[in-house]
Amino acid sequence: MELLKKLEILANAAKYDVSCSSSGSTRKNKAGGIGNSYFGGICHSWSEDGRCISLLKILLTNYCIYNCAYCINRASNDIPRAYFTPDEVAELTINFYRRNYIEGLFLSSAVITSPNHTMELLTETVRKLRTNYNFNGYIHLKAIPGADLELIKEAGKLVDRMSVNIELPSATGLKLLAPQKTQETILKPMAYINSQIQEHREDRKSRRRAPHFIPAGQTTQLIVGATPDNDLNILRLSEKLYQSYQLKRVYYSAYVPVNQHPKLPSISQPPLLREHRLYQADWLLRYYGFKAGELLDESQPNFDPELDPKTDWALRNLHFFPVEINRADYETLLRVPGIGVRSAQRIIRARRVRAVTFENLKQFGVVMKRAQYFITCQGKYEGQTSLEDKLLRQYLIAKPRSSQLLLPRPYEQLSLFTDNSGVVPTEVLMSNLTGEL
Amino acid sequence: MLVYLYDGSFSGLLTVIYESYYRREKPELIIVQDKWEHALFTREVVIKTDEQKADKVYQAILTRISGFAAKNIYCVFLAELPGTERLIYDYLARGWKWGDKLDLHLADEVVLKVQTIARKVRNEAHRMLGLVRFRLLSQELYYAQIEPDYNILQMISPHFARRMADQNWIIHDLKREMAAVYNQTEWFLTPLPRSVSVSLDEAGLAYESLWQKYFSSIAIKSRQNKRLQRNFMPKKYWKHLVEMMEDN
């Protein structure tokens, strides 16, 4: 098969994995070598769906022994299949890299023959790139669940980032849609990678020349909307993953209906707004000091389609407001709707030399449309209405823009499990981590 | 009206700052000599660029204000916007007064303007790290054309010298008719006319088709959002992007 056709097939097969960032590594170029990594990551292009392209994201092969219901590459699907040789992958990577199309390689694979065999093929490919081609650019490699931990360790010494995808946020979802996988096989490599990262990091503290191990850390992906898990379960899971496994990122992927299957919900559009809300909440966890339990609870287990999670939280916690811009600490400023990390930092800096006014806030990038109701400047309140107003919520709901994301489209309801066994309890995968059942 | 004329170089501008200080004069207009047309009722002073004086000013910025301020004025200078000389002058005047607290004065019009322009320049430079597209010419030479809004060529070249260390490359700024040239040891700037003719390597074109194929395959059709794509990658850059050439 010609290379062009292979690339088409194996890029198509890889595109539902959303993670593509190239940040977090400081790998340097070597004498006579090519490539280095850029700590903040670099986007090289943007595809028609608006997602950044920073790595060459391909599968080594899409021949798969598994038959997961949600996956386009499931064994029973009648689709064109192909596989790359390690040299083909290396040549593509190097030649794209030399033209500055990419930051590096994101290599994944369907499971061919066995998890161990697949992991060996993946490792052989990246080893070739590093040693034969002297490539020092960014490499993100998938760890194949079920492969021997020793194999994963070997691969980890060569790459910048590794990820194991959880995909389905609950054990029951996994049983239903991917019966050949178990949560144990997913969590084991994750825990192992984390322990190795911590160990190598300790080593590097005492010996500067100790080898790197996955310097950019590990990530994972959760599919949103293929199972009936609610937002609260998903967010709790993410929180736990950040805490217990020190994950760098959890990616959320709106379920794209690629297969017809009685156990899958039949939706016409991927739930993009829901995915967007989860990303907003994820940022609140990682950079704004929020806890999952503050944003959602049993009485409200899903995000409001009309309000962003922070504004929603603020409306439920009016006693927290108004906040005085010139006195509140950084953590408090971050909790004000309309104030982000950058604008909060600007406020903190600017008020060291002069009191900040409403006029200044606009210049600092504060979204006054939202912030005005929740703040005072030197004791003055300039909100269009007061905090006590019952209609405050109405004031805050964003006017729909013509953008695809904000089209007022309610969540697709997941009432569509056609067989009657479809009432799936939603204990999260995490309950097995914490030991609670 | 007092007008200071200089040669358009960064050192020239720093010399202007030096002379203005020691002559105890405040120019109302600072402008590149070539762009200046004589007008009535003006007193013109031609400032001759002096590297030593420029260096003194630069050191003074580092010690009396901050490294951040020094970087800011360099970025603003590279923006090549009309009136930036006077903006830099006013910014430094505040700097001598406020010292290392200069950039905390975000509410000050001049400080805010300097930071805003500097940020735009840095953003474009960062964007260009991703958007430069090399094409393989015969004789193992990689050649890229860019037309950035700001003069960011010298900001991005060190990155490519570190990264593409084992290949010869040229990044050509068509707008300014300047090129950064790298020969596997060092990079340097040199004038290069817009109309220079190049011959592409035939075999190398295969990878351009492969990239185009990859680019179209990786998009998820049911998530199409071209507006978002344009937000991140404005149309003005498409001309030199291999993957967008068909859409032009």
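Values reported hereafter were calculated over all heavy atoms of this structure, with side chains retained and with hydrogens, waters and symmetry mates removed. Because the structure is predicted, anything quoted here is derived from the model rather than measured. Chain identifiers are assigned alphabetically (A, B, ...) following the order of the sequence lines, protein sequences preceding nucleic acid strands; residue numbering begins at 1 within each chain.
Looking at A/Leu56, both its backbone and its side chain come within 4.5 Å of chain B, counting heavy atoms on both sides. Contacts between A/Arg98 and chain B at a heavy-atom distance below 4.5 Å involve backbone atoms as well as side-chain atoms. In this structure, chain B has no heavy atom under 4.5 Å from any part of A/Ala31. For a residue to count as touching a neighbouring chain, one of its non-hydrogen atoms must lie under 4.5 Å from one of that chain's; by this rule A/Asn36 touches chain B with backbone and side chain alike. A/Phe364 touches chain B through its side chain: at least one heavy atom from C-beta onward sits under 4.5 Å away, while N, CA, C and O do not. Contact annotation for A/Ile34: both backbone and side-chain heavy atoms come within less than 4.5 Å of a heavy atom of chain B. Neither the backbone nor the side chain of A/Glu2 comes within less than 4.5 Å of any heavy atom of chain B. Looking at A/Ile9, there are no atoms closer than 4.5 Å to chain B (heavy atoms on both sides), in backbone or side chain. The parts of B/Glu208 that come within reach of chain A are both its backbone and its side chain, each placing non-hydrogen atoms under 4.5 angstrom from that chain. In this structure, the portion of B/Tyr142 lying under 4.5 Å from any heavy atom of chain A is its side chain and not its backbone. Contacts between A/Glu359 and chain B at a heavy-atom distance below 4.5 Å are absent for every atom of the residue. Only the side chain of A/Arg352 comes within contact range of chain B, with at least one heavy atom under 4.5 Å from a heavy atom of that chain. Only the side chain of A/Asn29 comes within contact range of chain B, with at least one heavy atom under 4.5 Å from a heavy atom of that chain. Only the backbone of B/Asp103 comes within contact range of chain A, with at least one heavy atom under 4.5 Å from a heavy atom of that chain. In this structure, the portion of A/Ser37 lying under 4.5 Å from any heavy atom of chain B is its backbone and not its side chain.
The number of heavy atoms from other shown groups lying within 6.0 Å of NZ (A/Lys30) does not exceed 12. Counting non-hydrogen atoms of other residues, nucleotides and ligands closer than 6.0 Å to CZ of A/Phe358 gives a total above 12. Surrounding CZ of B/Phe68 are more than 12 heavy atoms belonging to other residues, nucleotides or ligands, all under 6.0 Å away. Within 6.0 Å of the OH atom in A/Tyr279, the count of heavy atoms belonging to other residues, nucleotides or ligands exceeds 12.
The pair A/Lys142-A/Asp17 counts as a salt bridge, with a side-chain nitrogen and a carboxylate oxygen less than 4.0 angstrom apart. A salt bridge is defined here as a Lys NZ or Arg NE, NH1 or NH2 lying under 4.0 Å from an Asp or Glu carboxylate O, and B/Lys97 with B/Asp90 fails to meet this definition.
Classification of the B/His105-B/Trp98 ring pair by plane angle, with boundaries at 30° and 60°, yields parallel.
Between the side chains of A/Ser54 and A/Glu103, no donor-acceptor pair is found at a separation under 3.5 Å. A donor atom on one side chain and an acceptor atom on the other are not found under 3.5 Å apart for A/Gln345 and A/Arg342. Looking only at atom types and distance, the side chain of A/Tyr16 has no donor-acceptor partner in the side chain of A/Gln221 under 3.5 Å away. With no hydrogens or angles considered, a side-chain donor-acceptor pair links A/Asp49 and A/Ser47 at under 3.5 Å.
Counting heavy-atom pairs under 4.5 Å between each of B/Asn231, B/Val132, B/Leu131 and chain A puts B/Val132 at the top. Heavy-atom pairs under 4.5 Å with chain A were tallied for B/Leu228, B/Ile218, B/Asp108; the largest tally goes to B/Ile218. Options A/Arg346, A/Arg99, A/Gln363, A/Arg351 differ in how many heavy-atom pairs under 4.5 Å they form with chain B, and the most are formed by A/Arg99. Taking A/Arg354, A/Arg349, A/Arg51 one by one and counting their heavy-atom pairs under 4.5 Å with chain B, the maximum is reached by A/Arg349. Each of A/Ser45, A/Cys52, A/Gly32 has some count of heavy-atom pairs under 4.5 Å with chain B, and the biggest count is that of A/Ser45. Of the listed residues (A/Asn360, A/Val356, A/Asn12, A/Leu10), the greatest number of heavy-atom pairs within a distance under 4.5 Å of chain B belongs to A/Asn12. Ranking A/Gly137, A/Gly50, A/Gly33, A/Ala13 against chain B, the residue ahead of the rest is A/Gly50, based on heavy-atom pairs under 4.5 Å. Annotation: maximal heavy-atom pairing with chain A below 4.5 Å, among B/Leu129, B/Thr116, B/Leu112, occurs at B/Leu129. Among the candidates B/Phe215, B/Trp211, B/Phe232, B/Tyr214, the residue making the largest number of heavy-atom pairs closer than 4.5 Å to chain A is B/Trp211. Interface check for chain A: of the options B/His126, B/Lys101, B/Gln115, the most heavy-atom pairs under 4.5 Å are formed by B/His126. Among B/Arg230, B/Gln184, B/Arg133, the residue making the largest number of heavy-atom pairs under 4.5 Å with chain A is B/Arg133.
With hydrogens and angles disregarded, a donor-acceptor distance shorter than 3.5 Å links the side chain of A/Asn95 to the backbone of A/Glu91. Side chain of A/Lys6 to main chain of A/Tyr83: a donor-acceptor pair is present (N/O by atom type, distance under 3.5 Å, no hydrogens or angles). Panel note: side chain A/Glu275, backbone A/Ala254; a donor-acceptor pair is recorded below 3.5 Å. Put simply, the side chain of A/Glu48 never gets that close to the backbone of B/Ala219: no donor and acceptor are under 3.5 Å apart.
The ring of A/Tyr255 has its center no closer than 6.0 angstrom to the ring center of A/Tyr70.
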List the steps, then state whether side chain to side chain contact (heavy atoms under 4.5 Å, CB included) holds for A/Thr357 with A/Cys377. CA-CA 6 Å; A/Thr357 65; A/Cys377 270; 5.6 Å; no
For side chain to side chain contact (heavy atoms under 4.5 Å, CB included), just list the numbers for B/Ser217 and B/Lys213, CA-CA rounded to whole Å, side-chain angles, deciding distance to a tenth of an Å, and then say yes or no. CA-CA 6 Å; B/Ser217 305; B/Lys213 177 60 84 184; 4.0 Å; yes
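Along residues 157-173 of chain B, the residues that come nearer than 4.5 angstrom to chain A, judged on non-hydrogen atoms, are B/His159, B/Phe160, B/Arg162, B/Arg163, B/Met164, B/Ala165, B/Asp166, B/Gln167 in order of number.
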